[in-house]
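Here is the structure we will look at.
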Protein chains: 2
Amino acid sequence: MTTINEVAERAGVSTATVSRVLNGKDTVDSELVARVLTAAEELGYRPNGPARNLRRQKTPVLALIISDVENPFFTAISRGVEDVAHSAGYSVVLCNSDDDPDKERSYVSVALQERVAGILLSPTGRTSGSELLSCSRIPFVALDRPLPDTTGDTVLVDTRSAAEQATRHLVERGYRRPGCITGPRGVPTAEERLDGYLRGLRAVGQHDSERLVRRCEFRAAGARRAAQELLDTEQPPDSLLVANNVMALGVMETLAERGLRAGGDVGLVAFDDAPWAGLLDPPLSVVAQPAYDIGTVGAQLLLDRIGDSRRRNTTTTLSARLIARASSHPG
Amino acid sequence: MTTINEVAERAGVSTATVSRVLNGKDTVDSELVARVLTAAEELGYRPNGPARNLRRQKTPVLALIISDVENPFFTAISRGVEDVAHSAGYSVVLCNSDDDPDKERSYVSVALQERVAGILLSPTGRTSGSELLSCSRIPFVALDRPLPDTTGDTVLVDTRSAAEQATRHLVERGYRRPGCITGPRGVPTAEERLDGYLRGLRAVGQHDSERLVRRCEFRAAGARRAAQELLDTEQPPDSLLVANNVMALGVMETLAERGLRAGGDVGLVAFDDAPWAGLLDPPLSVVAQPAYDIGTVGAQLLLDRIGDSRRRNTTTTLSARLIARASSHPG
DNA sequence: AACTTCCGAGAAAACGATTACCAGGACACG
DNA sequence: CGTGTCCTGGTAATCGTTTTCTCGGAAGTT
């Protein structure tokens with residue numbers, strides 16, 4: 001690898017001058033600028049990032065830690081983050097925590113170690129890397145889920161009222177016993193959606209029963225089991241509110257296996273819209289979260305904080321909207 | 001940020017000793033080890049990554065540059081890469097080139113600059129960052145698509161014969177005029193799939209006509225337009241081979257808008273399986289590519305090359321398999 | 001012409017780790 | 001007891017940049 005020294009030597013100037021030219025300082029004679037540029041070109045010189053970052057004490061990189069790359073909700077967030085970051089001259093590195101607190105911790109640790117400029121995190125909720133974050137001075141933003149015990153910038157979606165609305169929607173459409181499949185205990189998004197569901201039931205005068213609720217990981221496999229369990233109970237639910245789109249696929253597989261049809265046999269509303277949701281059989285009613293916006297808002301917040309570390313912490317809450325399709329239409 | 005000096009001072013030893021302890025060298029007195037460890041713990045010391053990487057002249061990070069984070073095919077690859085890399089002690093940073101040669105180039109450039117240990121790239125095909133790569137000495141592996149003019153490790157899928165097989169499948173199922181929607185000119189995967197399609201037609205004695213072929217970006221919007229165009233021709237195709245899963249969604253939307261049903265009205269086979277493919281209306285026939293394996297094989301190849309830079313270049317070709325569902329079943 | 005001002009460019013000091021090298025002490029052996 | 005060996009741990013060089021100083025010369029002012 002060629003270094004700045006070799007470029008300086010070939011151009012017949014000092015390394016300081018090379019550095020100045022390459023960083024666009026305007027105090028260099030145009031003759032020298034030309035010499036440096038051609039020398040750098042000829043040698044295929046490319047500055048050493050780690051050295052530069054060490055000296056500058058900062059790295060133009062944002063870390064985005066999400067819990068599932070295969071979930072379109074999170075990839076949409078990542079697009080939002082990337083668009084904003086990119087236009088501000090930052091690169092984004094995407095890390096996939098798999099909803100595993102250990103992996104999350106380890107990624108936070110790596111990010112801190114590499115001295116990234118900032119971190120966007122959708123926390124698993126449990127212990128997670130939050131202590132690490134809060135005791136370091138690195139700017140960060142929590143996305144989708146609040147960070148336990150830590151006050152920091154946060155971008156949330158009001159899924160509680162969305163869940164409530166979705167539940168009422170099911171009842172209004174004529175379903176009598178809506179059930180709920182949500183995420184693990186302690187995960188804020190899971191709790192919120194469950195809470196919204198319970199409120200929705202109460203609002204329409206239904207007795208809420210934990211017997212119609214199941215919890216599982218935010219994965220298809222768990223949702224499949226949960227759906228099977230619920231359908232096998234003595235008084236099975238006649239409709240379901242499902243806490244994310246990956247789980248919804250699991251539920252639909254289960255229905256298909258049993259020859260049940262979503263909508264007609266079991267009403268279904270799931271969180272997260274996806275490009276394929278309207279093309280399923282039947283088209284899936286969803287609570288569409290503004291995923292892309294979560295990304296852009298979060299990234300902007302992070303950039304602002306990087307620019308001014310003593311800003312007040314803010315929490316932005318975006319709202320979701322129900323898109324009713326055939327899966328919540330009985331008969 | 002606390003530095004190794006402060007740790008050394010607090011522990012009453014030299015920085016060299018701190019470094020030795022923290023890197024697990026065994027030549028240090030256990031008394032000192034304990035002192036260093038507690039000092040580091042108390043100060044919340046975390047080594048400065050850039051400094052370490054600068055000194056060590058390497059970074060335990062692999063860059064994975066893919067063309068679309070929202071495409072499940074690529075996210076599956078990324079899981080494969082990550083699993084292998086992680087268990088070998090490497091982090092993976094995921095970069096999203098958006099199938100834009102400029103973005104790709106820029107990401108390759110950043111990766112080189114940051115001196116990552118290796119690069120996994122699914123090239124856009126056109127000029128792209130290949131010159132950058134080949135003239136640097138950084139190990140790299142091309143995934144899914146070969147790198148133009150460059151010999152290097154490559155992991156491919158034999159989509160030519162898969163496309164041929166899929167085309168024959170359509171004809172065998174009774175469709176008479178299969179059309180094809182493929183990717184942009186010059187993109188190897190697009191050309192291969194088109195070529196396979198043409199061969200398939202010839203194999204069953206059909207005259208191949210470019211009039212049944214459309215090209216567009218690997219996006220839903222382009223595919224929608226392409227499908228509309230094809231359906232509006234005087235002699236429209238009665239079935240379609242579509243070059244990836246994102247495009248397939250666009251095509252299905254178009255069919256739905258026109259009140260046409262995949263299978264009964266227009267046969268449909270698309271590349272890439274996805275969790276939702278079997279749940280669409282109708283279930284989508286696909287050519288399933290071993291995406292996760294592309295990732296694991298590619299990552300392993302890259303690690304091998306990092307370990308031994310003078311290995312011979314290899315090209316691994318995996319095979320795809322047709323999964324016939326209802327969308328390729330007439331009537 | 002003498003003095004100040006300013007500006008461009010080089011020399012050298014950081015940045016924070018790792019590691020080659022060296023010094024000093026303990027121990028063993030003749 | 002003297003000398004050689006080994007082992008531990010400190011000193012300082014090093015990685016490749018950026019940036020602060022500093023200095024020399026040109027330009028401007030009186």
(request) Spell out protein contact along nucleotides 13-23 of chain D as letters: B when the base is contacted, S when just the sugar-phosphate is, - when no protein heavy atom is under 4.0 Å; keep the 5' to 3' order. (result) BBBBBBBB---
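Atom pair A/Q113:CD and C/dG16:C1' shows a separation of 12 Å (rounding to whole Å applied). The nearest whole Å value for the distance from the CZ atom in A/R35 to the C1' atom in C/dG8 is 14 Å. Atom CD of A/E31 and atom P of C/dC7 are 21 Å apart (whole Å). Look at CG on B/D29: it is 13 Å from P on C/dA26, rounded to the nearest Å.
B/V28 has its side chain within reach of B/T17: a pair of non-hydrogen atoms, C-beta onward, lies under 4.5 Å apart. Proximity of B/D68 to B/F218: side-chain heavy atoms (C-beta onward) are nowhere separated by under 4.5 Å. In this structure, the side chains of A/E217 and A/D99 stay at 4.5 Å or more apart for every pair of heavy atoms.
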(message) For a side-chain hydrogen bond (donor to acceptor under 3.5 Å, both in side chains) check, start with the C-alpha distance between B/N5 and B/T15, then their side-chain angles and the critical distance, and finish with the verdict.
(response) CA-CA 6 Å; B/N5 286 291; B/T15 63; 5.2 Å; no
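Remark: of the listed residues A/D144, A/L147, A/L64, A/L147 is the sole one forming a side-chain contact (heavy atoms from CB on, under 4.5 Å) with A/L121.
Considering only residues two or more places apart in sequence or on other chains, A/V84 meets the side chain to side chain contact (heavy atoms under 4.5 Å, CB included) condition with A/T296, A/A299, A/Q300, A/L303.
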